[in-house]
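First up is the structure itself, then whatever we jot down about it.
No hydrogens, no waters, no symmetry mates; every other heavy atom, side chains included, goes into these values. The structure displayed is predicted, hence computed values, not measured ones.
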Amino acid sequence: MNLEHAHYTDEMEQNSVVQSSLTEAQVKVVNHQHGPLLVLAGPGSGKTTVVTKRIAKLIENGVAPWQILALTFTNKAATEMKDRVHAQLNYDPQKVRGLTVATFHSFCARLLRQWGDRIIGTTSYSIYDSADQKSAVKEAIKRCELNTSNWKPASALAAISNAKNALIDCETFAREASDFYARNVAKIYTAYQSILNENDAVDFDDLLMLTALLLQQDDEVRESVQERFQYLMVDEYQDTNHTQFVIANLIAKNHRNFCVVGDPDQSIYAWRGADISNILEFEEQFSDCAVIPLGQNFRSTQHIVDAAASLISHNKNRKEKRIYSELEVGERPVVKTLMDEYEEAETIVSEATKLIGKGVPQKEMAVLYRVNALSRVLEDAFRRAGVPYSVARGTAFYDRKEVKHALAYLTLILNPKDNLACERVINVPTRGIGATSLQRLKLYAHQHQMSLLQAALSVCKEDGFSKRALNAMVEFANTCLKWREDAHSEDSMTAAASLADVVERVVRESGLEKLYSTNPTEEDYERLQNLEELVSASTEFEQRFMESQDTPQTPLVLLSEFIQQVALVSDADAIDPEQGAVTLMTLHASKGLEFDFITIAGLEESMLPHQRAQFDDDQLEEERRLCFVGMTRARKHLLLTNAKRRMHRGLTERTMASRFLSELDEEHVDFGDVAVINKQVPMPAETKPSSEIQLGSVVRHARFGIGKVQRIMRRPRGSTVTVQFSTTVKHLVLEYANLELVDEFEVNDYTPEY
DNA sequence: AACTGTAAACTTTTT
DNA sequence: GTTTACAGTT
């Protein structure tokens, strides 16, 4: 497992060779060493080169490396930046000692490992992933005695996450909640926090929020952090949220050596709380700051840059900014319209094959899409054609059942109060502690204010447990505690020698290994291999961690770092160019990367722009930026595809070409034989088809297919229609039926599969 | 207590 | 089309 691999180093070298001499603007950035600095870096503007040169120069000018903090968005970006600073300094270990390059989240996690007792109450906290969050919020809703059908975990969680991203803790939220909805969310939020608290756990957003609060409230911590990090740099600043802004500001506000780098046109995370005003208002926040725009693109050929520029110019809410390329004119981006997703996938694979034949390496190719669901058909096509591919799904490995179980055991070693982890594995492999026993145990633990693991040791027959369950619980708890003791132990006879020892031991002694190795099915065998892979991942982690440390660490510290790192992997981190495979990933995951050949698939209305963003101007502009980001990943070849029909939730639906295609400047794009792409903006929000439905209209329903409207009952609210479908007649409520108006002639030229 | 099969809910995007 | 939740069976 390459969790944190150095990526694209050879392209980067290549890039810096091309750019052996810096432009005037780039030189300005490198030479700006003190005071606030805003770098507006367009795509492919050599941002990473410039930023790493700037850091290297700071160090060569006598700034101690440990005084520099650079914050990035993904682990991958952090690793790459660190490697390139190392390279700039000729890999002299003395010159990079203590240099901190990290993601916001991992930086905060580390800070809380040090100071967490002042705000969480412990430094050995668990980090809850989205599955853990979901079960915690479910429990919270239950505790609030709210109706679970009205209060969906996902929406409550979204509200809580938004609050945390805006640095609103549950007390503040409760104080400010005015309406019914907000008051209930406040209740859930408060209950959710106390659940996390009971488990000594934090979620992703807490890592940021608690760090911000800690820096605000605790003078000693703030001063120590301010003192240490005299130089701060934040990458992808357009995608930071308010809480991150507060953290950065608290660190930098005295010395003001604060450099931010970003591009408002590449802001694609507003949906998760990113606040674009952070970058737009930086100049006002720091009135004496230098602003340096980097507009020249050194990555892509001219047609690609110009086509992308023509697309982004359609955003109204935007600061005009010229981007241009002085590389060769190059090929025009190609648009291809295919019949369905299968033909689309085949076309993409055959274009890739063609380019492979021309000598373009597979690792220089990527296929981008809006939603993960699109990967399946593409994967099938690549597999059938025998073209190696890899899907950027960093978390996929750690989401596997067996891996999650092993990790839960390991988490329990670090944090015996983590009841969620305990609950996950107390009966895996099955040891006779069923649903009833577990319920009883939870009740007991709750009544006696103790953790599940503690409770498992103190319950007895009188509490209503069977002898079998009782024995199993005691054995389970003792095993967990023994692991913990041994990992702690200073005694070299019993102490685990390494992290991998601990992991291996847990896999063996938990019974997971036995579970999958006694007369294994094919699936069991695969699970066993995954467990082995986890052991080797821990070995690999250990080696890399030791290299970066001066002093040896105890297995427990290593384990803690390992589990923390696992919790914070992202999809983009899984991209491993060494494998020589075509990369498949979401548009979001492609941020910051570059490839010779890029395909963006599924350029259709309701796909890109996505359905849920279609009717909101701000969200629509974010979709356009997302498309812009995708296009500007390409160095030399860019293919844009759409399918005339696509399967969605098991039903084949007709699609419309994305409006973004019609926004591309024809001069720079090859529309091939489909030059007749609908140039008009399709289906503006006002003319939703359902508002035009009348007697005799032909409509499509997601489930029942195509039908004819026979009767309409117009009411101010809840108009009903009677529709004759091919097999049935249905009475539907207009507002909820989601009927799509179909032109009759379209029905004829289109033969649906149902 | 553990397993097996069927119904329903569902998908943006992620640290 | 896929995953999860729940009910029913041994």
Using a distance-only test with no angle check, is there a side-chain donor-acceptor pair under 3.5 angstrom linking [X] and [Y]?
X: A/E379; Y: A/S375; value: yes
X: A/Q619; Y: A/E621; value: no
X: A/T240; Y: A/N278; value: yes
X: A/Q238; Y: A/Q266; value: no
X: A/Y125; Y: A/D206; value: no
X: A/N241; Y: A/Y269; value: no

Polar-atom pairs under 3.5 Å, protein N or O versus N or O of nucleotides 2-5 of chain B: list them with distances, or write none.
residue: B/dA2; atom: OP1; partner: A/G432; partner atom: N; Å: 3.2
residue: B/dA2; atom: OP2; partner: A/N427; partner atom: ND2; Å: 3.0

Any base atoms under 4.0 Å from [X], or only sugar-phosphate, or nothing? Heavy atoms, all strands.
X: A/K401; result: nothing
X: A/M607; result: nothing
X: A/F104; result: nothing
X: A/K591; result: nothing
X: A/S437; result: sugar-phosphate

Interatomic distance where [atom1] belongs to [X] and [atom2] belongs to [N] [whole Å]:
X: A/W271; N: B/dT14; atom1: CH2; atom2: C1'; value: 4 Å
X: A/H588; N: B/dT13; atom1: NE2; atom2: P; value: 9 Å
X: A/D203; N: B/dT14; atom1: CG; atom2: C1'; value: 13 Å
X: A/I247; N: B/dT15; atom1: CD1; atom2: P; value: 17 Å
X: A/R612; N: B/dC10; atom1: CZ; atom2: P; value: 11 Å
X: A/R393; N: B/dT13; atom1: CZ; atom2: C1'; value: 11 Å
X: A/Q564; N: B/dT15; atom1: CD; atom2: P; value: 15 Å
X: A/H648; N: B/dT11; atom1: NE2; atom2: C1'; value: 8 Å

When you compare B/dT11 with C/dC6, how far apart are their P atoms, in angstrom units rounded to a whole number?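 Nearest-Å result for B/dT11 against C/dC6 at atom P: 16 Å.
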Does [X] have a side-chain nitrogen or oxygen under 4.0 Å from the phosphate oxygens OP1 or OP2 of [N]?
X: A/S570; N: B/dT15; answer: yes
X: A/N75; N: B/dT15; answer: no
X: A/N241; N: B/dT15; answer: no
X: A/T74; N: B/dT15; answer: no
X: A/K138; N: C/dA5; answer: yes
X: A/R272; N: B/dT13; answer: no

What would the secondary structure line of DNA chain C be in dot-bracket form, counting Watson-Crick and G-U wobble pairs under 3.5 Å, with [ ] for pairs that cross earlier ones and | for pairs with another strand? ||||||||||
Pick out which of A/L210, A/L207, A/V225 makes a side-chain contact (heavy atoms from CB on, under 4.5 Å) with A/L111.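 Considering A/L210, A/L207, A/V225, a side-chain contact (heavy atoms from CB on, under 4.5 Å) with A/L111 is found only for A/V225.
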Among A/E604, A/Q614, A/R624, which one satisfies side-chain contact (heavy atoms from CB on, under 4.5 Å) with A/P609?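 That would be A/Q614.
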Given the rule in the side-chain hydrogen bond (donor to acceptor under 3.5 Å, both in side chains) test, do A/D418 and A/T411 qualify, once you have shown the distances and angles that lead to the verdict? CA-CA 8 Å; A/D418 191 332; A/T411 304; 5.4 Å; no
For the pair A/K47 and A/E236, evaluate salt bridge (charged side-chain N to carboxylate O under 4.0 Å, His left out) and give the outcome as yes or no after the intermediate values. CA-CA 10 Å; A/K47 174 191 75 176; A/E236 306 284 9; 3.6 Å; yes
If you only use heavy atoms from C-beta on, which nucleotide in [options] is closest to the side chain of [X]?
X: A/H105; options: B/dT15, B/dT13, C/dG1; value: B/dT15
X: A/T103; options: B/dT14, C/dT2, B/dT15; value: B/dT15
X: A/N372; options: C/dG1, B/dA1, B/dT13; value: B/dT13

Start at the 5' end of DNA chain B and walk down; is the nucleotide closest to A/A589 or to A/S466 reached first?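 Result: A/S466.
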Check the angle between the aromatic planes of A/F382 and A/Y389 and answer parallel, tilted or perpendicular using the 30° and 60° thresholds.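 Answer is tilted, since the angle falls between 30° and 60°.
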